[in-house]
Amino acid sequence: MKDIIIKGAREHNLKNIDVKIPRDKFIVITGLSGSGKSTLAFDTLYAEGQRRYVESLSSYARQFLGLMKKPDIDSIEGLSPAISIEQKTTSKNPRSTVGTITEIYDYFRLLFARAGTVYCPDHGHKIESLSPEVICDRIKDLIDEGDVTILAPIVRQKKGTYGKLLIDLNKEGFTRVRVNGKIIRTDEKITLARYKKHDIDAIIDRVKISDEGRLNEALELALEKGKGLVIVQDSSGADHLFSCLMACPECNIIFEELQPRMFSFNSPFGACEACHGLGVKMEFDPDLIMPDKTRCIADGGIALYRNAVDGWRGQYLGAVAKHFKFDPLKSFKKLTKKQYDVLMYGSDEKIKFTMSMKNGEASWSNTGQWEGLVPQSERLYKQTNSDYRRRELEKFMRISLCPACEGKRLQKKILSVLVGGKSIIDLTELSIGKCNKFFNELKLTGKELKIAGQILKEIRERLDFLEKVGLTYLTLARPAGTLSGGEAQRIRLATQIGSNLMGVLYILDEPSIGLHQKDNQKLINTLYHLRDIGNTMIVVEHDEDTIRKADYVLDLGPGAGLNGGYIVSAGTPEMIMEDERSLTGKYLSGKLRIKVPDKRRKPVNYITLKGCKENNLQNINVNIPTGVFVLVTGVSGSGKSTLIYETFYKALKKHIYGSNIACGKHTSLKINDTVDKIVIIDQSPIGRTPRSNPATYTKVFDDIRTLFAQLPEAKLRGYMKSRFSFNVKGGRCEACNGNGLIKIEMNFLPDIYITCEDCKGTRFNRETLEVKYKGFSIADVLAMSVNEAFKLFENIPFIKKKLDTLIRVGLEYIKLGQSSITLSGGEAQRIKITRELSKRGTGKTMYLLDEPTSGLHFHDIKKLIKVLNDLVNKGNSVIVIEHNLDVIKSADYIIDLGPDGGDGGGTVVAKGTPEQVARNKKSYTGHYLKDHLK
C-alpha cells in the first residue's frame with residue numbers, strides 16, 4: 001500500500017476528517033496553534049500504531065504494559081509501527097547526561113575497561129601485571145651485561161624494631177638483608193629505632209644477566225617472598241622496582257581487574273565516595289548566611305536567624321560576642337578573621353551562656369561551647385524530618401563542586417586509567433565535535449586495536465550522528481535536564497539514525513526548536529536520510545525552511561480550537577502556496593507577511609554587566625538596553641541562556657529583591673532606576689493538575705464567581721463567592737469532588753473515566769446550577785470559548801478586560817474551563833502574557849522570554865509580536881532569546897552571540913538594530929537576516 005489512509009478522525013477537535021498520507025515520504029503537518037496538528041499526528045496516528053503493536057503481544061506482556069485507549073476514528077489503513085520523538089521525554093535525573101542517554105558513555109566504559117592503560121594516580125607509574133618471564137625480559141632491556149642483585153622487599157617504610165623478623169629470615173635460609181640501604185648478615189644482632197620508618201629487603205641472589213634460568217628462579221622466589229614485588233639492583237647500585245600485581249611498586253595502591261562498572265558514576269564500584277557520583281555537593285555558604293557584611297547581629301544581619309535580637313538565639317550570640325570581645329552592634333566587616341571564623345565555624349573554648357525570659361522574671365546560665373553557624377545549620381539539616389524546614393535551610397546552601405573528585409564524579413584511581421592520554425571524564429568534557437576528532441585521530445597498537453576495533457566503530461558512528469543533527473557544541477557530560485526540548489529531540493533522532501530501521505513511521509514534534517538557521521540544513525538532511533532508507537517521516541512543524549523542503553504538506557485549520565480540525569490544504573509546498581484557502585500558503589508565497597517596523601525605539605537606558613565568565617562566556621561585557629524590545633540571538637550553544645538566565649536574570653534578581661540565589665560568574669552589574677521588577681514568561685504548564693484552567697490562572701474566574709455571588713438569586717439563597725468554586729465543598733458535586741469525571745480502575749485494562757451521573761460532568765451540584773446569569777449557569781460559562789464569554793460579559797468591564805487580553809494574544813478559541821494540562825507550551829506562555837497584560841504594572845518591569853515562538857504558526861507569531869510590543873509601549877523592557885527571523889527583524893535592538901557554539905562561542909559578535917547586525921559580516925544571524933529585511 002502506497003498511502004496511510006485515515007477515515008473519520010474525530011479525536012479532540014478533529015472534524016470527522018479523512019486523510020491520505022503518502023508512505024516513505026517526508027511529510028510536514030502545519031497550521032495554526034490549536035488547529036489539531038498534534039491531535040492528528042500523536043493522538044491519532046502514533047496512538048493507533050502503538051496500540052496495535054501492544055495488542056499483538058501476549059496477554060501476559062500486556063498486563064505490564066497496559067492497554068492504550070483507541071483513538072476516536074473509523075479506520076486507519078497502511079499503518080506502520082510508529083516511533084514518537086517528542087519534546088517532553090527528557091530525564092530530569094541529575095545522573096542522566098548526554099553521554100548516558102545516547103549510550104556513548106556505555107561504549108566509553110567498555111573501551112576503558114578493555115583497552116585502558118592504568119597509571120598510579122600519585123606517582124604516574126604505568127601499572128601492569130607482569131609475569132617473572134616478562135620481568136626477566138624487561139631487566140635484559142634495561143641492563144645489557146654484568147651482575148644484578150635480586151631483592152625481595154619485606155618491610156617498606158614501616159615503624160618497629162624487627163628483631164624477630166631477622167631471626168625468622170635466618171631460619172628460612174636468607175643470610176643477608178638490606179636494612180635502610182645497608183647490607184648486613186641475618187645472624188648479626190641489630191637495633192632499630194622503634195618510632196622511625198624502616199626499609200628491609202631480603203637479598204635473594206646475585207646473578208649474571210646471561211644466566212636466564214637462575215635469574216628466573218631468583219625472580220620467582222623474590223616475588224613470592226616480597227608478596228608480588230621485586231627489586232633488581234644493577235652494578236651501579238641503582239634500584240629497579242617491578243610488580244607482578246596490578247599495583248604501584250612505589251605506594252602499593254592495588255588495582256583490581258578493570259571492569260566496565262568501575263567507570264560508571266552510578267555504581268559504587270567507581271563513583272566518588274564523597275558525592276556518590278553526582279560531582280557536586282550542597283554546602284552551607286557563609287555569604288548566604290551573612291549576606292550583607294555592613295550589617296550587624298543586632299539588626300538581623302544573620303539571615304539564617306529571622307528574629308535573633310529578641311529570642312534565645314540573640315542571647316546566645318550575645319554571649320559569644322562578649323566572650324570573644326566583639327560588639328553585636330558593629331558591622332560584620334569590622335570583625336577580625338578569628339572573630340569571624342568563631343562566629344561562622346565555632347570554637348572549643350568554654351563560654352558562659354546566660355539566658356533570660358523576655359519579661360526578665362526567670363533566667364538560667366550554663367557553660368558550653370559555641371558550635372558555629374555553619375556546623376549548626378548542617379546538624380539541623382540532617383536532624384529535621386520536616387520538608388518545609390529543609391527547604392528553608394536550603395536557601396542558605398550552594399551547590400559546589402565536590403572537593404574530593406573536583407566535579408569529575410569518579411574515584412581518583414579510576415580517573416588514572418587513560419586511553420590516548422585522556423581519562424574517561426576528560427573525554428566527556430570535550431564538545432561532541434572535539435570528541436569526534438579525538439577518536440578519528442586515536443592511534444592504538446595492534447593488540448589494543450584488535451580488542452577495541454568494534455567499540456571504536458560504534459563510538460565514532462554515534463558521535464558522527466550527533467554532529468549531523470547540529471549538536472556539535474554539546475558535551476557528553478551535559479546534564480540531560482538542562483537540554484531544551486529541541487536538543488533532546490535531536491539527540492533521540494541521532495540514536496534512531498544509528499538503529500538503521502526500515503519501514504517505520506517516525507513522528508516528530510518541532511525538531512527545529514532551538515536550532516539556528518545555520519544548522520537547519522543538517523537537520524533536514526538527517527530527516528531525508530531516514531526517509532531514503534525506507535521510512536515515513538511525519539513532522540509537526542512551523543519552520544519555513546522545513547515546510548519548503550517537505551515532500552508533502554498537510555495544512556490544518558482554518559482556525560484554532562473549535563474553529564479548527566479540518567484539512568484546509570494538502571499537497572506539495574508549491575500546491576499549498578497556490579491554494580487561496582491556506583493561511584500557511586499565503587505566508588510562504590509572500591501574500592501575507594510580518595512587516596518590518598517603520599521605526600525602531602531608542603533605548604531609555606542601559607544595564608551594564610561586566611566580566612561574564614560562566615560556562616563558555618569569554619569574560620564579556622554587555623550593555624543591555626531598557627525600555628525597548630531586545631533580541632538575544634546566536635547559534636545553538638553560543639551562550640545565550642547562560643548570559644540571560646544564569647547570569648543577568650539571577651544578578652538582577654539579587655539586586656532588586658536581595659535574593660540569595662547563586663548567579664553566574666561576573667564582576668559587576670550596573671543598574672539604573674528603569675527596572676524595579678523582573679518576570680520570566682516561559683512555556684511551562686500553567687498548572688499541574690486537571691483542575692487548573694485558563695479561567696483560574698488569569699483570575700477571570702474569581703471575577704465571574706464574584707458576579708454570580710451578587711446575582712439576586714444567589715443573595716436570596718445566601719450563597720457566597722466560594723459557592724461557585726469546584727475546588728471546595730459547598731457548591732461542587734461531592735460525588736466526583738468537582739472533577740466532573742469518575743475514575744474506574746480496571747484490571748488488565750486501562751483505567752476508564754466516566755462522566756459523573758450526579759452532575760452530568762458539570763462539576764457543580766444542582767442548587768448551584770440553578771443560579772444563572774442571562775440564562776447561563778456557572779458550568780455553562782466554563783464550557784464557553786473565550787469569544788463566547790466575551791460577548792456574554794461585554795457589559796461587565798472587569799471581566800471584559802481580562803477576556804479581551806486573551807483574544808489579543810490569539811486565544812479566542814480555548815474554553816475557559818479547559819484543563820491546563822491539555823494546553824500546548826505556546827498556549828500556556830500566551831496565557832501567562834495575558835496575566836501580565838491585565839496587571840496594573842509600574843511600567844518598569846523586565847520580561848524575559850525563551851523561544852516564545854515554539855509551537856506558533858506565522859499568523860500566531862504576528863499576534864505575539866504585537867503583544868510583546870504592547871508590553872514595551874507600557875514602558876516595560878522585553879528581552880527574548882529567539883532564532884525566528886520574523887521576531888528578530890521586529891526587534892529594536894539585537895545582541896548576537898557566537899560566532900559558534902560551545903568553546904567557539906561566548907563572545908558578542910554583533911549588536912545594534914537589525915539593520916546594523918545584518919551589515920556585520922562576522923554574524924551568521926546577520927547573514928540570514930539580510931533577506932528578511934528586504
Side-chain angles (χ1 to χ4, degrees), residues 13 27-38 510 512-513 517 520 539-550 552-600 629 631 786-787 806-814 824 826-827 829-830 833 851-870 880 882-892 914-915 918 928-934:
N13 67 332
I27 298 109
V28 167
I29 301 178
T30 190
L32 289 170
S33 302
S35 60
K37 303 180 300 298
S38 296
E510 290 200 81
S512 68
I513 287 175
Q517 286 77 13
N520 240 1
V539 181
V540 175
E541 189 57 271
H542 295 290
D543 177 67
E544 187 177 335
D545 287 346
T546 312
I547 297 170
R548 287 184 185 278
K549 293 185 179 177
Y552 195 82
V553 178
L554 286 173
D555 188 24
L556 272 73
L562 296 171
N563 302 320
Y566 295 99
I567 301 292
V568 175
S569 187
T572 62
E574 291 73 24
M575 290 165 68
I576 299 291
M577 283 188 259
E578 289 170 10
D579 192 335
E580 286 297 319
R581 297 169 301 165
S582 171
L583 199 56
T584 305
K586 286 178 182 176
Y587 276 97
L588 289 174
S589 64
K591 292 170 188 170
L592 286 177
R593 62 165 59 89
I594 295 169
K595 292 179 181 176
V596 177
D598 295 328
K599 63 176 183 176
R600 313 279 182 193
F629 182 18
L631 257 289
V786 172
N787 245 344
L806 281 167
I807 293 169
R808 278 165 57 203
V809 296
L811 293 174
E812 66 280 353
Y813 61 88
I814 63 169
S824 69
E827 287 169 336
Q829 189 169 41
R830 280 181 287 163
I833 295 172
E851 296 201 62
T853 61
S854 300
L856 299 191
H857 186 266
F858 305 106
H859 203 60
D860 298 312
I861 291 170
K862 195 174 186 177
K863 291 178 181 177
L864 175 72
I865 292 168
K866 185 180 182 306
V867 169
L868 294 177
N869 277 317
D870 287 348
V880 177
E882 189 55 83
H883 293 291
N884 184 282
L885 291 168
D886 283 323
V887 180
I888 295 171
K889 76 180 184 187
S890 304
D892 298 314
E915 288 76 15
Y928 291 97
L929 183 59
K930 207 179 291 178
D931 293 334
H932 268 66
L933 288 171
K934 289 175 183 175

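- Using a 4.5 Å heavy-atom cutoff, the side chains of Ile861 and His542 are not in contact.
- You'll find the side chain of Val887 reaches within 4.5 Å of the side chain of Leu631, heavy atoms only.
- Heavy atoms only, all atoms of each residue included: Ile594 and Phe858 are closest at CD1-O, 3.7 Å.
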| task | Given side-chain contact (heavy atoms from CB on, under 4.5 Å), test Arg830 with Val867 step by step and report yes or no. | result | CA-CA 9 Å; Arg830 280 181 287 163; Val867 169; over 6 Å; no
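- You'll find the side chain of Lys862 stays beyond 4.5 Å of the side chain of Arg593, heavy atoms only.
- Between Pro914 and Arg600 there is a side-chain heavy-atom pair separated by less than 4.5 Å.
- Taking all atoms of both residues into account, the shortest heavy-atom contact from Ser890 to Lys595 is OG-O, 4.4 Å.
- Side-chain contact check for Glu541 versus Ser512: some heavy-atom pair is nearer than 4.5 Å.
- Note that CD1 of Ile807 is 5.0 Å distant from CG of Asn787, once rounded to the nearest 0.5 Å.
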| said: I'd like to know whether Val568 forms a side-chain contact (heavy atoms from CB on, under 4.5 Å) with Leu583, so could you lay out the CA-CA distance, the side-chain angles of the two residues, the decisive distance to 0.1 Å, and finally the verdict. | reply: CA-CA 9 Å; Val568 175; Leu583 199 56; over 6 Å; no
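- Between Asp555 and the choices Ser35, Ser569, Ser582, the side chain to side chain donor-acceptor pair (under 3.5 Å) rule is met once, by Ser582.
- Distance check: Ile888 CD1 to Tyr928 OH gives 12.0 Å after rounding to the nearest 0.5 Å.
- Considering every non-hydrogen atom in both Leu864 and Leu856, the closest pair reads CD2-CD1, 3.8 Å.
- When only modelled atom types and interatomic distance are considered, Thr853 and Glu882 share a side-chain donor-acceptor pair under 3.5 Å.
- The minimum heavy-atom distance between Lys37 and Leu32, with the atom names listed, is NZ-O, 2.9 Å.
- With contacts defined as side-chain heavy-atom distances shorter than 4.5 Å, the pair Thr30/Leu556 does not qualify.
- For the atom pair CD1 of Ile576 and CG of Leu554, the computed distance is 7.5 Å after rounding to the nearest 0.5 Å.
- The nearest pair of heavy atoms linking Gly855 to Ser33 is O-OG, 2.7 Å.
- In this structure, Tyr587 places its OH atom where more than 12 heavy-atom neighbours from other residues, nucleotides or ligands lie under 6.0 Å away.
- Atoms NZ and CD, on Lys549 and Glu544 in that order, are 11.0 Å from each other to the nearest 0.5 Å.
- With hydrogens and angles disregarded, a donor-acceptor distance shorter than 3.5 Å links the side chain of Gln517 to the backbone of His883.
- Lys591 and Met577 make their closest contact through NZ-O, 3.7 Å (heavy atoms, listed as atom of the first residue, atom of the second, distance).
- At a cut-off of 3.5 Å, with distance as the only test, a side-chain donor of His857 or Thr584 sits close to an acceptor on the other residue.
- Once rounded to the nearest 0.5 Å, the distance linking CG of Asn869 with CZ of Phe629 reads 6.0 Å.
- Judged by distance alone, with hydrogens and angles left aside, the side-chain atoms of Arg548 form a donor-acceptor pair with the main-chain N or O of Leu588 at under 3.5 Å.
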